[in-house]
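Below is one structure, written out as structure tokens, with a few remarks after it.
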2 protein chains.
Amino acid sequence: MSVSVQSTVARKPAGKREVTRRRVIDAAAAEFAEHGYHGGSTRGIADRLGMKQGSLYYHFKSKEAALEEVCRVGVGEFADGLEAILHKEQNSTERLRAAVANHLTPLLDKSDYVRVFLFERQHLPRDQRGEVARLSRRYEALLRWMFEDGITADAFPPRLDSGHAVLVFIGACNMVAATYGRPAPEQLDELMDGVADLLLGGLLRR
Amino acid sequence: MSVSVQSTVARKPAGKREVTRRRVIDAAAAEFAEHGYHGGSTRGIADRLGMKQGSLYYHFKSKEAALEEVCRVGVGEFADGLEAILHKEQNSTERLRAAVANHLTPLLDKSDYVRVFLFERQHLPRDQRGEVARLSRRYEALLRWMFEDGITADAFPPRLDSGHAVLVFIGACNMVAATYGRPAPEQLDELMDGVADLLLGGLLRR
DNA sequence: TATTCTATCTATCAATTGATAGAAAATCGG
DNA sequence: CCGATTTTCTATCAATTGATAGATAGAATA
């Protein structure tokens with residue numbers, strides 16, 4: 001996290017507006033990740049910034065708008081990364097390994113955002129869920145396509161149900177997110193390999 | 001749900017105290033499942049019962065106590081059922097199938113309880129999380145034992161990491177819970193088979 | 001019937017919440 | 001240094017919240 005902030009500052013010393021806004025959203029992500037959306041308060045967010053509660057409303061227009069933005073960043077990681085992988089990598093096995101890595105990597109420096117997206121997005125009002133829902137549907141569609149292509153390519157069995165596969169894939173990855181808050185990098189590598197191996201090979205001895 | 005209430009009433013016409021208390025906790029489970037713990041209100045619970053908000057406190061001493069009880073019921077299903085399975089069934093494959101069924105079946109008639117346990121237990125204060133945490137640790141320990149015994153029995157590969165297996169198992173099952181609120185029985189059967197097949201056989205063609 | 005117990009209601013409380021408006025301060029361009 | 005713009009602070013608001021206390025009605029008991 002410190003790295004990305006540092007580089008942003010260094011790259012554009014005058015983007016002060018955007019930098020502060022990012023700090024505010026970071027704090028909102030941390031607050032919501034710790035206490036949930038309804039459990040977290042705007043005063044809690046302000047405290048994390050050494051700011052006064054009322055000042056926040058210069059940066060976002062409502063608590064809900066802040067949640068929306070945190071969720072959007074949280075889900076944004078997934079779809080774009082996966083699309084790139086599907087274009088670059090052609091081997092089904094390697095694709096899946098890369099997809100697991102793509103899903104788990106944000107835990108390193110965007111843990112709060114991802115967790116808020118996973119657990120708090122349901123509290124977005126219908127009419128504000130649009131963009132977030134669109135992004136997560138696209139992610140699921142890309143995953144489904146990956147599995148179906150794997151069947152076509154004869155890497156996965158013809159009777160594989162891609163819907164179930166998507167479910168198990170996302171569930172397994174998210175359980176890692178829920179269990180390990182902000183894993184150490186080596187631990188994360190081991191987790192990625194372990195989960196990918198398990199998904200690919202299954203439990204039964206071959 | 002109407003069935004279980006009916007039978008309870010018929011079986012014990014005089015257990016009025018317990019029946020009402022169950023109705024109250026049911027309403028709390030529904031409220032928390034829909035809005036989350038912090039998002040739900042005691043007035044919301046009372047409305048579901050056609051009761052006045054203040055009257056609830058005759059049945060539980062605080063909102064937190066209600067959450068604790070909902071979570072305890074929600075997790076209670078899992079461990080006991082799994083222990084019975086491990087005693088009865090000896091074949092590792094059948095054990096796993098039964099374990100998946102055991103995890104998913106409560107979704108049919110205890111959906112609210114299970115979902116509250118899954119998503120809201122984190123909002124229990126440390127000092128009240130005791131019993132709930134104990135039950136879920138026991139469940140995880142039983143699962144781990146199941147996988148390790150499968151390795152010993154030569155059904156699962158020796159290099160299988162039981163910790164990862166527990167993670168993937170729970171994650172996959174919970175994703176079903178999160179995705180399908182209260183599935184139709186046939187749909188649930190298909191989901192149980194699909195998830196179990198996938199966990200056992202993995203993605204790769206054999 | 002008189003009395004005790006059970007369950008609910010009424011009314012109210014202090015605390016916290018998200019949000020707004022206007023003053024004040026800080027920053028920046030010239 | 002000045003004026004303008006950007007950012008933060010102060011003070012306040014109405015609404016909602018969980019919780020409590022005492023009144024009340026009905027059921028059980030004696």
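Every value quoted in this text rests on a predicted model; they were computed, and no experiment measured them.
- With ring centers used as reference points, A:F147 lies 6.0 Å or more from A:H164.
- Whole-Å rounding puts the B:E64 CD to D:dT17 P distance at 17 Å.
- Of the possible polar contacts, one joining the B:R129 side chain to the B:L124 backbone as a donor-acceptor pair under 3.5 Å is found.
- In this structure, A:L67 atom CG and C:dG18 atom C1' are separated by 14 Å, rounded to whole Å.
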| request: Assign a letter to each nucleotide of nucleotides 6-11 of chain D from its 5' end: B, base within under 4.0 Å of a protein heavy atom; S, sugar-phosphate only; -, no contact. | output: SBBBB-

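- The nearest whole Å value for the distance from the CZ atom in A:R43 to the C1' atom in C:dT16 is 7 Å.
- Side chain of B:K110 to backbone of B:T105: no donor-acceptor contact under 3.5 angstrom is found.
- Contact annotation: the side chain of B:F32 approaches that of B:K63 to within less than 4.5 Å [non-hydrogen atoms, C-beta and beyond].
- Rounding to whole angstrom units, CZ of residue B:F32 and C1' of D:dG18 are separated by 11 Å.
- Side-chain proximity of A:T42 to C:dG18, D:dG18, C:dA19: nearest is C:dG18.
- The NE2-C1' distance, from B:H35 to D:dT17, rounds to 15 Å in whole Å.
- A:G39 comes within 4.0 angstrom of no nucleic acid atom, judged by non-hydrogen atoms across all strands.
- Side chain of B:R121 to main chain of B:V132: no donor-acceptor pair is present (N/O by atom type, distance under 3.5 Å, no hydrogens or angles).
- Proximity note for B:K63 (side chain, C-beta onward) versus C:dT20, D:dT12, D:dG18: the nearest is D:dG18.
- Partner of B:F78 under the side-chain contact (heavy atoms from CB on, under 4.5 Å) criterion, out of B:L135, B:V114, B:L142: B:V114 alone.
- Taking atom NZ of residue A:K61 and atom P of nucleotide C:dG18, one finds them 15 Å apart after rounding to whole Å.
- As rounded to whole Å, 18 Å separates atom P of D:dC13 from atom OH of A:Y57.
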